[in-house]
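Take a look at the structure below.
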Amino acid sequence: MATTTTTNLTLLLPCTLPTRVSLATRLLRASHSPPRRLWTAAASRTAVSPASTEIPEAAEELRLETESALEWGGVCARLSDFAATAAGRAACAEGGVPVGRSREESERLLEQTAAAVAFLSSLAPLDFGGVGDVSAVVAAAARGRLLAVREICGVGRSLRAARGVFEQLKGLADEMPDGRFSPLLDILQNCDFLTELVHMIEFCLDSNLSMVLDRASDKLGTIRKERKMNVDVLESLLRDISTKIFHAGGVDSPLVTKRRSRMCVGVKASHKHLVPGGIVLSSSGSGVTYFMEPRDAVQLNNKEVKLAGDEIAEELAVLGLLTSRIADSRMKIGHLMGKILELDLACARGSYALHINGVRPAFTDRDNSNKLDPSSPCSVFIEGIQHPLLLEQLLGVVKEAAAEVGNGQLSEEHHVSAMPIPLDMRVKNDTRIVVISGPNTGGKTATMKTLGLASLMSKAGMFFPAKGRPRLPWFDQVLADIGDHQSLENSLSTFSGNISRLRKIVQVVSKDSLVLIDEIGSGTDPSEGVSLSTSILKYLASRLNLAIVTTHYADLSRLKSVDDRFENAAMEFCLETLKPTYRILWGSTGNSNALSIAKSIGFDQKILDRAQEWVEKLLPDKQKERQGLLYDSLRDERDLLESEANEAASVLSDVEGLYNEIRSEADDLDNRVASLRARESQTVQQELKFVKTQMDLIIKNFEVQLQNSKLEQYNSAMRKAEAATASLAAAHQPTEFTFSDDEEKSSYVPQIGDKVYVEGLGGGSTATVVEILSEDGSCVVQYGKIKARTKNNKMKLAQRDTKETSASSAQRKGRTVKKSTAEAAQGASISFALAVQTSKNTVDLRGMRVAEASQELQMAIDGCRSYQVLFVVHGMGTGAVKECALGVLRSHPRVARIEDESPLNYGCTVAYIE
């Protein structure tokens, strides 16, 4: 039933196209096909006159010839190297890269390419593995052919891989809130991934073993189970019989095999009586051995044959059902594979753009081009464009040379020719015809081809190698007459072949067309060629968007003076080296320089001198001198503009670097402020926890004293508790700094390396003194990477440089600082913090050398707050670190007194810091 349904479905399908082009490729190319294909389709459906059908036929013929002349197939073939799917590579290799039918379509393709460039620049490429070309399989299912297990599994695998690509892209796009990958995600956004069909295929078939699973149908499972039981019984029976034959000498070894789809045993011809009632199915080649089916195995073999047939029939039914489902879903599968191809081509365009360092072009309108750049009213404005195929050829040579060297660096032995000369193209809005003159081999034709390829690439959504943001119009047709069209078969001379091509161009040209004509009017009498060329160009000037024409006729360059729609350009030629520079001089007229080129290739000088005499006789008076002065003036002006442009670019680079540095500093400062706030918050929480613990201890001690003390001792216990509370509060009192406005009142004398608090620098952060200015007493401080100038009265010392502190401490060694009795009495009356050891008021010197321990202790003392208790852990050891620590403590001016280690606190000295 399923097979019949599938066969009937073929009546609804159109005629099948060749299977060598994938279904997805055909659908995509059909959706992006230019108007020429619509004309052809319309011509096939509507009865029209033969004259009206010539236009679409000529347009299609010109399109193919233009793409061949511009080597568009080479660009498509290079793009195929970056395609990930077989359908993508096939489309590119056949020149089937989709080209936008309208400006909106081309802009959408450019958006996809830009998104692919952003995606590939920061993330790994999408995984298209598993997506195969299933167009032939789907087409076969639609025609009614029963698909094999392998083919059906291939369809399911491709559908699942397509969904995997979408899920991978969606997951990455969701992580980017700016929506930069949206153009790629939109390609697959509303696709039907046929999840139910994929699940059905995976439920019924095993793609690894290429077999139908037992669970595909209840009947199939029952048949296979029954068949297995029957085979087990049959094999057991035959093994027993074969063993008996072996013991009876009827066979060299027990033999159970299958002949004519039936299980049997082997027996010597002379001992066939050992199998009474058996059926001889076949014999060996020598006739010595018979293969006999025992009488008891006949029924079991009959059952095996029947069950095997039933199993095959049920498997075919399952395959037929799956084939019918695939045929019913052929349109959805084709649409999904077309979208996968579109995504693959978008990623390929992005990879190609990164490979050639391409930039995104923008389309202009002649009426609105000033809105893009008011300072440059040009319909075509491209700076530094390079021919993509020439650039690609050079990149390949460089890659091969680097591979030969091995280390990726080229030596003089592996010299590579220079990069293709970048071209600058500037065509004003009111210009319709550009006449390019100049020497042979000067690059006129290459310039035309470069612009033609740039137009086709921009229509196809491809980036091309250039600088900045190139702009050019969107051309509906690119028509070219390049090369020699001589044909002996069609009786066409060089001139008649060119004229025949021009006739077709004039016939199909439109308001949005780009026309490229190489050596117009050549191959005939110069006067007639100039006349005909002038008439053709004036006719085209009002019927197209832009035409680029190359010529050696000086009269065509003079059309600019009588018609504003014409513009001149010349290919530069260096008279010193007698070689072309391949640069375009817009607005000027170039000479052919035939004599100079002939001289550079070694032509006879006498002949050249005679030719120069004839040239001087034919040229008007002073014309040569005027051309030379104009050429020199234009070249000087170009050099000046290039110098100014380079200087402006250098300034812009410096400004961008400064901006990025300031931006980086601002981001770094914000991060440090956030980190400092988090650290301060953690410190406050720890101090609060510690204070709470100390307060709980004081209250607990006070309650114990109340319970154990008499009434007259109540006041004494009360005062002790108040003193302990006051001492705890004083120890955790926040430090506040006040700055004086009077410079003379400031007693602080800064030194280089001091850590200071600066007014206006919040959060208790410190800065470092890096320079002292003697003229006004101020100094330069550094906070992070920021330096600022401040006055002495706006600073407070936080910590003296450890090196200077160590030096001053060393000078004080050997002399004992004795305090007066009054100072000792005053120190005794001072209330220090509670002598409770914590991680914050402990410095551990164990394991350090003497010098390291001295420096660490100096830093710890300088970092202590006033009236704080410092626990110095020096350990026992050899006593060297302990002696050093005691020496520092006894000589330091901030140490009021010390308590030596006690039996309860070995290896630790307590210091009271003023």
Side-chain angles (χ1 to χ4, degrees), residues 22-25 27-28 31-32 79 82-89 91-92 97-98 100 104-135 138 153-203 207 325-326 329-354 360 460-463:
S22 67
L23 178 61
T25 303
L27 290 174
L28 185 63
S31 63
H32 293 288
L79 184 63
F82 299 92
T85 64
R89 290 187 291 271
C92 295
V97 176
E104 290 72 20
E105 266 191 39
S106 297
E107 288 179 342
R108 180 174 61 83
L109 294 175
L110 287 173
E111 287 288 342
Q112 294 176 0
T113 306
V117 169
F119 183 90
L120 297 171
S121 299
S122 56
L123 301 171
L126 292 174
D127 183 12
F128 286 92
V131 178
D133 186 2
V134 298
S135 58
V138 175
C153 290
V155 173
R157 185 165 50 249
S158 296
L159 295 177
R160 177 168 290 280
R163 183 173 183 83
V165 172
F166 172 72
E167 291 176 349
Q168 179 188 1
L169 180 59
K170 189 174 187 304
L172 295 173
D174 292 341
E175 298 176 0
M176 297 294 178
D178 54 359
R180 68 179 68 176
F181 304 147
S182 297
L184 297 179
L185 188 61
D186 292 342
I187 298 177
L188 299 176
Q189 191 65 57
N190 297 320
C191 289
D192 185 358
F193 294 95
L194 302 168
T195 306
E196 183 179 354
L197 176 59
V198 174
H199 289 166
M200 180 180 294
I201 293 175
E202 293 177 348
F203 181 82
S207 59
R325 292 294 181 89
I326 292 175
S329 306
R330 64 188 182 280
M331 297 304 296
K332 293 181 180 180
I333 296 175
H335 178 263
L336 176 59
M337 292 297 105
K339 290 298 182 179
I340 289 292
L341 173 61
E342 183 178 352
L343 179 60
D344 181 28
L345 291 179
C347 294
R349 295 195 301 268
S351 299
Y352 181 68
L354 293 174
R360 177 180 177 176
M462 299 175 64
F463 294 4

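Nothing here was measured: the structure is a model prediction, and the numbers come from that model.
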- prompt: About how many Å separate CZ of R325 and CD1 of I333, when rounded to the nearest 0.5 Å?
  reply: 12.0 Å
- prompt: Nearest 0.5 Å, what's the CZ-CG distance between F181 and L123?
  reply: 5.0 Å
- prompt: Which residue pairs pass the side chain to side chain donor-acceptor pair (under 3.5 Å) test when at least one of the two sits in residues 118-127, sequence neighbours left out?
  reply: none
query: In chain order, what residues pass the side-chain contact (heavy atoms from CB on, under 4.5 Å) check against E104, with sequence neighbours excluded?
result: S102
Going by atom type alone, with no hydrogens or angles, which donor-acceptor pairs under 3.5 Å involve a side-chain atom of residues 182-199 and a protein atom two or more places apart or on another chain?
from	atom 1	to	atom 2	distance (Å)
S182	OG	G179	O	3.0
D192	OD1	L194	N	3.0
D192	OD2	K332	NZ	3.4

- request: Show your reasoning for whether side-chain contact (heavy atoms from CB on, under 4.5 Å) applies to L79 and V97.
  value: CA-CA 9 Å; L79 184 63; V97 176; 3.9 Å; yes
query: Looking only at atom types and distance, does a side-chain atom of D344 sit under 3.5 Å from a main-chain N or O of T85, one as donor and one as acceptor?
result: yes
message: Working to the nearest 0.5 angstrom, can you tell me the gap between L336 CG and K339 NZ?
response: 10.5 Å
field: Closest non-hydrogen atom pair between A83 and R89, with its separation
entry: O-NH1, 3.4 Å
Sequence-distant partners of S158, side chain to side chain donor-acceptor pair (under 3.5 Å), two or more places apart: none
- prompt: Of all heavy-atom pairs between A161 and V131, which one has the smallest distance, and what is that distance?
  reply: CB-CG2, 3.6 Å
query: Where do C153 and I201 come nearest, in terms of heavy atoms and distance?
result: CA-CG2, 4.4 Å
query: Is there a side-chain contact between F463 and L110, using heavy atoms and a 4.5 Å cut-off?
result: yes
message: Surrounding CZ of R160 (heavy atoms of other residues, nucleotides or ligands, distance under 6.0 Å), is the total greater than 12?
response: no
message: Are T113 and M462 packed together at the side-chain level, in the sense that at least one heavy-atom pair is separated by less than 4.5 angstrom?
response: no
message: Run the side-chain contact (heavy atoms from CB on, under 4.5 Å) test on L343 and F128 for me, step by step, so that the C-alpha distance in whole Å, both residues' side-chain angles and the decisive distance to 0.1 Å come before the verdict.
response: CA-CA 10 Å; L343 179 60; F128 286 92; 4.0 Å; yes
query: L109 pairs by side chain to side chain contact (heavy atoms under 4.5 Å, CB included) with which of E111, Q112, E105?
result: Q112
- prompt: Would you say S106's side chain and G461's backbone share a donor-acceptor pair under 3.5 angstrom?
  reply: no
message: Tell me the closest heavy-atom pair linking A346 and A116, and the distance in Å.
response: O-CB, 3.4 Å
Atom of R180, atom of A118 and distance for their closest heavy-atom approach: CD-CB, 4.3 Å
message: Salt bridge check, E107 against R360: does any charged N sit closer than 4.0 Å to a carboxylate O?
response: no
Note, L126 side chain near L169 side chain (heavy atom, < 4.5 Å): yes
query: Closest approach of A162 and M337, non-hydrogen atoms and distance?
result: CB-CE, 4.2 Å
field: Interatomic spacing from OH in Y352 to CZ in R349 - rounded to 0.5 Å
entry: 13.0 Å
task: Quick one: list whatever passes side-chain contact (heavy atoms from CB on, under 4.5 Å) with L120, sequence neighbours left out.
output: P125, S351, L354
Non-neighbouring partners of Q168 that pass side chain to side chain donor-acceptor pair (under 3.5 Å), sequence neighbours left out: none
